[in-house]
Amino acid sequence: MLINTPPSSDQNSNITSKILVTGGAGYIGSHTTLALLNAGFNVIVLDNLTNSSAESLSRVQRISGKTLEFIQGDVRDRKLLDHLFTTHSIGAVLHFAGLKAVGESVVKPLDYFSNNVVGSVNLCEAMAHAQVFNLVFSSSATVYGTPKEMPISESFPTAEPTNPYGHTKLIIEDFLQSLAKSDPRWSIALLRYFNPVGAHQSGLIGEAPNGTPNNLMPYMSQVAIGKLKFLSVFGTDYPTHDGTGVRDYIHVLDLADGHLSALKAISNRTGVNIWNLGTGIGYSVLELIRAFELASGQAVTYQIAERRPGDIAECWADPTKAADELGWKANRGLTEMMTDTWRWQQANPEGYGG
Ligand code: NAD
Ligand code: WQD
């Protein structure tokens, strides 16, 4: 669909002219692409649309009043990547592309190792070939496993993941560490996200999961809109203040800003840098339900259910390192996360297909 952008005249061009965003049509990628455009970057999105729609990118352009280039394709397609790097002057890659459904990864591990691990290796090979060494990778707090204490700082050890999805993130982190050791030109950010929620305040872009959602926030908002009957609260016997699971929910717009800060930081660094992207505050499932009810004015019907296998009791970030080294912190609170999710859900009951 989209049109080539004019060269940027902005101050961020030290990372050079164009940013390749893999998986940029997806939930976090689309919000980050918007932030990049707003900051004056030229953006090329590569996405195979397995879990997204190009409509998200049309809306990103609508919101920003700027254009981007979209290539529909797969990160495992080396020929395509080589062509992309040859025909564009790319200064850095934000790598979101991959599959992310924990439960599905247990059933289809090959898909996860192929898209996530093989895709990332292929991307790095093409980057090295093109002499592009700046990479921001979407990792996850899942790599910490079940930490002994809270909050989780980057110095905590990583742990054996409980599912193939988590494995792929850890394997990619490990090979990126080896890569950076092998060649000092690499400058890599491993961003460990906590629980992204929320949507852009326009209500035009947001999370649009295929089929029945697995995660709490989209599930709850589909209950509120009447698409799903009730929410199951997975476990009320955790050692937390109200017995339900506690997580660090972070607004996707704060997360997007974190990528811009990381991008800027790696232009002055080499090697691998790890940053947690979280708020530092944990909320329980019941607190989230109440906050969503308040923000939406809708009752969320729920039932208490068994614990979900593989879930941990609590998980929240120590975001100090990102604050100190990136000058970034999450600014948006729980009410804004809930209000923005509800606005998006109401305006787009069928996601981008509606
Ligand atoms: P998403 O599914 O909305 O976005 C991923 C995008 O990658 C989709 O648009 C999909 O079509 C595309 N894609 C998948 N495989 C591809 C391939 N082989 N080639 C090209 N494109 C491909 O997911 P998201 O929530 O935006 O997550 C983005 C990244 O952040 C993922 O790597 C995910 O693992 C990671 N992450 C997400 C969360 C979360 O809770 N959403 C938490 C931690 C980490
Ligand atoms: C949050 C809380 C559930 C659904 C997952 C991945 C993780 C990362 C983020 C990618 C937990 C409870 C949930 C429901 C519920 N993704 N819950 N009823 O499990 O913290 O993290 O997404 O990297 O790797 O595992 O997020 O939103 O699924 O769950 O009670 O229908 O909500 O038990 O306490 P989670 P979630």
Side-chain angles (χ1 to χ4, degrees), residues 21-33 45-54 56-57 71-77 80-81 94-103 105 111-112 114-116 118-120 122-123 137-144 161-163 165-166 168-169 172 191-197 206-210 212-220 222-223 228 230-236 238 240 244-250 252 255-256 259 277-278 282-286 288-289 302-316 351:
V21 182
T22 76
Y27 173 44
I28 305 167
S30 57
H31 289 82
T32 306
T33 295
V45 169
L46 172 69
D47 198 304
N48 66 3
L49 303 181
T50 46
N51 196 38
S52 54
S53 156
S56 66
L57 296 173
I71 314 286
Q72 183 170 353
D74 200 296
V75 279
R76 291 165 296 180
D77 183 344
L80 173 63
L81 287 179
L94 300 195
H95 180 35
F96 296 94
L99 303 180
K100 64 162 181 178
V102 170
S105 78
D111 286 358
Y112 278 72
S114 175
N115 280 278
N116 298 7
V118 176
S120 298
N122 197 51
L123 174 67
F137 173 63
S138 299
S139 190
S140 167
T142 197
V143 300
Y144 293 115
T162 56
N163 58 76
Y165 166 75
T168 66
K169 290 292 170 190
I172 297 164
L191 301 184
R192 293 178 177 163
Y193 311 158
F194 281 68
N195 287 57
V197 298
E207 185 170 15
N210 278 336
T212 307
N214 302 300
N215 298 113
L216 177 61
M217 196 67 237
Y219 201 105
M220 186 159 65
Q222 291 198 12
V223 170
L228 296 170
F230 64 90
L231 172 74
S232 296
V233 174
F234 296 141
T236 51
Y238 284 108
T240 59
T244 65
V246 168
R247 297 291 185 274
D248 185 339
Y249 297 95
I250 175 168
V252 66
L255 201 57
H259 287 74
L277 296 185
Y283 289 106
S284 72
V285 176
L286 294 179
L288 218 73
I289 293 173
Y302 67 87
Q303 287 184 3
I304 305 303
E306 292 293 299
R307 289 184 181 191
R308 184 173 62 179
D311 273 357
I312 58 176
E314 52 184 16
C315 172
W316 69 90

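Atoms within each ligand, like the ligands themselves, are counted from 1 in listed order.
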Using a 3.5 Å distance criterion without hydrogens, assess whether the side chain of N163 forms a donor-acceptor pair with backbone atoms of G166. yes
Honestly, for S139 the part within reach of ligand 1 (heavy atoms, under 4.0 Å) is backbone
Nearest to atom 35 (C) of ligand 1 by heavy atom, S140, G23, S138: which? S138
For atom 34 (O) of ligand 1, grab the closest protein heavy atom and report residue, atom and distance to one decimal in Å. Y165 OH, 2.6 Å
Can you find a heavy atom in the side chain of L255 that is under 4.5 Å from one in the side chain of T32? no
How close does the nearest protein non-hydrogen atom get to atom 8 (C) of ligand 2, and which residue and atom is it? S140 OG, 4.1 Å
For atom 1 (P) of ligand 1, grab the closest protein heavy atom and report residue, atom and distance to one decimal in Å. N51 ND2, 3.8 Å
Could you find the nearest protein heavy atom to atom 12 (C) of ligand 2 and give me its residue, atom name and distance? V285 CG2, 3.7 Å
Check for me whether G73 has a heavy atom closer than 4.0 Å to any atom of ligand 1. yes
Is it the case that atom CZ in F234 sees more than 12 heavy atoms from other parts of the structure closer than 6.0 Å? yes
Would you mind listing which atoms of ligand 1 come within a distance below 4.0 Å of any non-hydrogen atom of T50? 10 (C), 11 (O), 13 (N), 14 (C), 15 (N)
E207, portion touching ligand 1 at heavy-atom distance under 4.0 Å: neither
Would a 4.5 Å heavy-atom cut-off, applied to side chains only, mark T168 and S105 as touching? no
Judged by heavy atoms only, the candidate from L216, I28, T244 nearest atom 13 (C) of ligand 2 is L216
Heavy-atom closest pair, residues V233 and T236: CG1-CG2, 4.4 Å
Heavy-atom distance to atom 30 (O) of ligand 2: which of F234, Y302, Y219 wins? F234
Considering only non-hydrogen protein atoms, determine which one is nearest to atom 26 (O) of ligand 1 and report residue, atom name and distance to 0.1 Å. I28 N, 2.8 Å
of all protein heavy atoms, closest to atom 22 (O) of ligand 2 is N215 ND2, 3.2 Å
How far does OG1 of T50 sit from CG of N210, to the nearest 0.5 angstrom? 8.5 Å
Nearest-0.5 Å distance, OH of residue Y193 to CD1 of residue I250: 10.0 Å
Does the residue H95 have a heavy-atom contact with ligand 1, meaning some pair of atoms that are separated by less than 4.0 Å? no
For atom 18 (N) of ligand 2, the closest protein heavy atom turns out to be S232 O, 2.7 Å
Are any of the heavy atoms in S56 under 4.0 Å away from ligand 1? no
Below 4.0 angstrom from a heavy atom of Y165, which ligand 2 atoms are there? Numbered from 1 as shown, please. 10 (C), 23 (O), 24 (O)
Atom pair NZ/CD1 of K100 and I28 - distance to nearest 0.5 Å: 6.5 Å
Atom 3 (C) of ligand 2 has as its nearest protein heavy atom D311 OD2, 3.4 Å
Correct closest heavy-atom pair for A313 and R247 would be O-NH1, 3.5 Å
Where is the nearest protein heavy atom to atom 29 (C) of ligand 1: which residue, which atom, and how far? F96 O, 3.3 Å
Backbone N/O of A97 and side chain of T22: donor-acceptor pair under 3.5 Å: yes
Looking only at heavy atoms, is any part of N215 under 4.0 Å from ligand 1, and if so is it the side chain, the backbone, or both, or is it neither? neither
In terms of heavy-atom contacts, N48 and Q72 come closest through O-NE2, 3.8 Å
Starting from atom 17 (C) of ligand 1, locate the nearest protein heavy atom and write down its residue, its atom name and how far away it is, to 0.1 Å. N48 ND2, 3.2 Å
Mark the output for T22 as yes if a heavy-atom distance to ligand 1 is under 4.0 Å, and as no if none is. no
So is P196 close enough to ligand 1, meaning a heavy atom under 4.0 angstrom away? yes
Near L231 (heavy-atom distance under 4.0 Å), the atoms of ligand 2 are 14 (C), 18 (N), 31 (O)
For V233, atoms of ligand 2 separated by under 4.0 Å from a heavy atom: 30 (O)
Got L123 and L81 here, is their nearest side-chain heavy-atom distance under 4.5 Å? yes
Any chance you could lay out the side-chain contact (heavy atoms from CB on, under 4.5 Å) test for S140 and Y165, step after step, and finish with the verdict? CA-CA 10 Å; S140 167; Y165 166 75; 4.2 Å; yes
Which residue owns the protein heavy atom closest to atom 10 (C) of ligand 1, what's the atom, and how far is it? D47 OD1, 3.5 Å
Atom 21 (O) of ligand 2: nearest protein contact (heavy atom, Å): N195 ND2, 3.8 Å
Considering only the protein, which heavy-atom contact is closest to atom 6 (C) of ligand 2, and what is its distance? V102 CG2, 3.8 Å
Proximal ligand 2 atoms for N214, defined as those under 4.0 Å from one of its heavy atoms: 4 (C), 28 (O)
Which pair of heavy atoms, one from H259 and one from L94, lies closest together, and at what distance? CB-CD1, 4.3 Å
For the student: nearest non-hydrogen atoms of I172 and N116, plus distance: CD1-O, 3.3 Å
Do N195 and M217 come close enough that some side-chain heavy atom pair is under 4.5 Å? no
Give the residue and atom name of whichever protein heavy atom lies nearest to atom 3 (O) of ligand 1, and the separation in Å to one decimal. Y27 N, 2.8 Å
Going by the order shown, which atoms of ligand 1 are within less than 4.0 Å of some heavy atom of L49? 11 (O)
Write down the atom of S138, the atom of K169, and the distance for their closest heavy-atom approach. O-NZ, 2.8 Å
Protein contact of atom 4 (O) of ligand 1 - nearest heavy atom, named by residue and atom, plus distance: G26 CA, 3.5 Å
Would V75 count as being in polar contact with ligand 1, using the rule that some N or O on each side must be under 3.5 angstrom apart? yes
Provide, to 0.1 Å, the distance between atom 29 (O) of ligand 2 and the closest protein heavy atom, together with that atom's residue and name. R308 NH2, 3.4 Å
Separation of T244 OG1 from I304 CD1 (nearest 0.5 Å): 8.0 Å
Check step by step if side-chain contact (heavy atoms from CB on, under 4.5 Å) holds for H95 and V75. CA-CA 9 Å; H95 180 35; V75 279; 4.3 Å; yes
Heavy atom of R247, distance to ligand 2 below 4.0 Å: yes
Test L46 against L80 for side-chain contact (heavy atoms from CB on, under 4.5 Å), laying out the working first. CA-CA 10 Å; L46 172 69; L80 173 63; 3.7 Å; yes
Could you check whether any heavy atom of Y249 sits closer than 4.0 Å to an atom of ligand 2, since that is the contact criterion I want to use? yes
Which value, rounded to the nearest 0.5 Å, describes the distance between Y283 atom OH and L288 atom CG? 9.5 Å
Region of L288 engaging ligand 2 - heavy atom pairs below 4.0 Å: neither
Between the candidates T168, V118, N115, which shows the shortest non-hydrogen contact distance to atom 15 (N) of ligand 1? N115
